[in-house]
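Read through the structure below, which is laid out as structure tokens, and then see the notes.
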Amino acid sequence: MIENTLRPELTARLHQRLAAFRDGFRHNLALIGPPGSGKSFQLQRLLAQPPPGLLLLYCPLYRESCRSFLSRFLCAVLQAGPGLPDTAAAVRTAEQLAARRLYGEAFNRALDTVPVLSQERGMPCVLIFDEFLFLEELGLGHAFHELGKRVMTWNSTLFILSSSACFRARLILRERLQLLFGQFELLELDAVDRPSAEAWLQQELRGIRGAREIVPFLLQWLGRSPWYLAVFLKRFRELAEL
């Protein structure tokens with residue numbers, strides 16, 4: 001059962017798509033919206049309630065070195081499949097290429113660890129790249145071409161991409177990731193409006209004394225970014241329990 005969240009319709013949509021993928025119907029997803037609209041928040045909620053029978057592989061992207069990104073991505077693969085010999089061997093191949101600074105080929109081999117992991121675990125995989133446009137800033141000029149090839153051919157992998165750069169993301173999805181061929185469903189998020197944010201905060205803080213009074217202060221102080229609010233709420237509930 002899906003809990004009542006900040007965006008219940010979007011949450012239901014995501015779970016619907018994952019359930020359909022588990023049943024053999026793949027439709028990749030792209031979440032785009034301005035900073036603070038709640039994309040990472042929604043994806044992390046999805047990770048907190050993963051549907052059975054699916055392997056979720058989540059990798060957020062930042063402004064960092066290519067070596068750093070590859071290291072984090074390969075660590076995520078190993079954590080999703082600890083002790084799997086074929087997966088470990090595939091990861092080592094990518095790591096060796098990265099150590100030689102052959103980052104383009106290392107990226108290709110890192111992507112190719114996903115179907116190996118999926119086969120060894122015996123489950124279809126959901127690959128999530130949060131803020132995927134940062135791939136460009138890593139100096140991987142061919143990254144979207146390579147990603148697009150795998151989007152077209154990997155039927156056992158569902159791709160979920162997100163971006164805060166809305167115009168650029170639409171362009172990349174259309175020109176390089178086969179949006180026009182039905183490979184991606186585009187989900188656009190607007191900034192969270194104040195009434196929705198207030199209602200969600202009241203719900204999250206119910207049972208805590210003084211919650212009604214603190215909600216306006218939180219919105220004034222932190223804004224309406226679901227991710228920042230969720231971080232504060234987690235700590236606030238921990239303190240309330242103490």
Side-chain angles (χ1 to χ4, degrees), residues 1-33 38-61 69-70 72-91 94 107-132 135 146-163 173 177-179 181-187 189 226-227 230:
M1 181 177 179
I2 299 171
E3 63 178 272
N4 184 22
T5 64
L6 180 59
R7 296 181 189 267
E9 292 181 0
L10 176 59
T11 302
R13 186 70 167 173
L14 291 171
H15 280 270
Q16 179 188 47
R17 282 302 185 198
L18 263 62
F21 174 57
R22 186 182 55 209
D23 295 336
F25 301 97
R26 186 183 76 130
H27 204 141
N28 303 301
L29 297 168
L31 277 67
I32 65 171
K39 300 176 297 299
S40 297
F41 172 79
Q42 289 290 338
L43 293 173
Q44 288 167 6
R45 282 292 176 99
L46 195 65
L47 294 170
Q49 295 180 304
L54 291 178
L55 181 64
L56 270 61
L57 189 59
Y58 174 73
C59 186
L61 282 94
F69 160 70
L70 290 169
R72 290 192 304 101
F73 180 50
L74 292 170
C75 280
V77 171
L78 287 176
Q79 289 170 356
L84 300 179
D86 291 345
T87 300
V91 166
F107 175 70
N108 295 348
R109 299 288 73 80
L111 286 178
D112 290 341
T113 63
V114 175
V116 177
L117 170 66
S118 180
Q119 184 172 9
E120 269 196 302
R121 286 289 306 270
M123 288 190 290
C125 182
V126 179
L127 177 58
I128 305 171
F129 281 142
D130 196 357
E131 295 295 350
F132 78 103
L135 286 170
E146 294 296 331
L147 196 59
K149 289 195 299 186
R150 289 158 178 81
V151 166
M152 291 290 287
T153 59
W154 285 3
N155 293 326
S156 63
T157 301
L158 178 73
F159 292 81
I160 300 181
L161 309 177
S162 82
S163 177
L173 286 163
L177 296 178
Q178 312 302 329
L179 176 65
F181 294 96
Q183 293 297 321
F184 276 92
E185 177 182 2
L186 193 59
L187 302 176
L189 281 66
W227 192 87

Do [X] and [Y] have side chains that approach each other closer than 4.5 Å (heavy atoms only, starting at C-beta)?
{"X": "Arg150", "Y": "Leu111", "value": "yes"}
{"X": "Arg72", "Y": "Pro60", "value": "yes"}
{"X": "Leu187", "Y": "Glu185", "value": "yes"}

Which heavy atom in [X] sits nearest to a heavy atom in [Y], and how many Å separate them?
{"X": "Ser118", "Y": "Cys125", "value": "OG-N, 3.9 Å"}
{"X": "Gln44", "Y": "Tyr58", "value": "NE2-OH, 3.7 Å"}
{"X": "Phe184", "Y": "Leu161", "value": "CZ-CD1, 3.7 Å"}
{"X": "Pro85", "Y": "Gly83", "value": "CD-O, 3.4 Å"}
{"X": "Leu189", "Y": "Gly38", "value": "CD2-C, 4.1 Å"}
{"X": "Leu57", "Y": "Ala76", "value": "CD1-O, 3.4 Å"}

message: Evaluate Asn28 against Leu158 for side-chain contact (heavy atoms from CB on, under 4.5 Å), listing each step before the verdict.
response: CA-CA 6 Å; Asn28 303 301; Leu158 178 73; 3.7 Å; yes

Quick one: pull up [atom1] in [X] and [atom2] in [Y] and give me the separation to the nearest 0.5 Å.
{"X": "Thr113", "Y": "Leu78", "atom1": "OG1", "atom2": "CG", "result": "8.0 Å"}
{"X": "Lys39", "Y": "Leu31", "atom1": "NZ", "atom2": "CG", "result": "8.0 Å"}
{"X": "Leu127", "Y": "Trp154", "atom1": "CG", "atom2": "CH2", "result": "7.5 Å"}
{"X": "Leu55", "Y": "Leu117", "atom1": "CG", "atom2": "CG", "result": "5.0 Å"}
{"X": "Arg26", "Y": "Ser156", "atom1": "CZ", "atom2": "OG", "result": "8.5 Å"}
{"X": "Arg45", "Y": "Thr11", "atom1": "CZ", "atom2": "OG1", "result": "7.5 Å"}

Exercise for review: Determine whether the side chains of Arg13 and Gln16 contain a donor N or O and an acceptor N or O closer than 3.5 Å.
Suggested key: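 Indeed, the side chains of Arg13 and Gln16 share at least one donor-acceptor pair under 3.5 Å.
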
Can any side-chain N or O of [X] pair as donor or acceptor with the backbone N or O of [Y] at less than 3.5 Å?
{"X": "Arg121", "Y": "Leu84", "value": "no"}
{"X": "Ser162", "Y": "Glu131", "value": "yes"}
{"X": "Glu120", "Y": "Asp86", "value": "yes"}

Under the side-chain contact (heavy atoms from CB on, under 4.5 Å) criterion, do His15 and Leu46 qualify, and how do the steps go?
-> CA-CA 8 Å; His15 280 270; Leu46 195 65; 3.8 Å; yes

For Leu54, enumerate each residue passing the side-chain contact (heavy atoms from CB on, under 4.5 Å) test, keeping only those at least two apart in sequence or located in another chain.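 With sequence neighbours excluded, Leu54 shows a side-chain contact (heavy atoms from CB on, under 4.5 Å) to Leu18, Phe21, Arg22, Pro51, Leu56, Pro124, Val126, given in chain and number order.
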
**Study point:** Residue from Phe129, Phe132, Phe107 passing ring-ring contact (aromatic ring centres under 6.0 Å, His included) with Phe73
**Key:**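 Output: one option passes, namely Phe129.
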
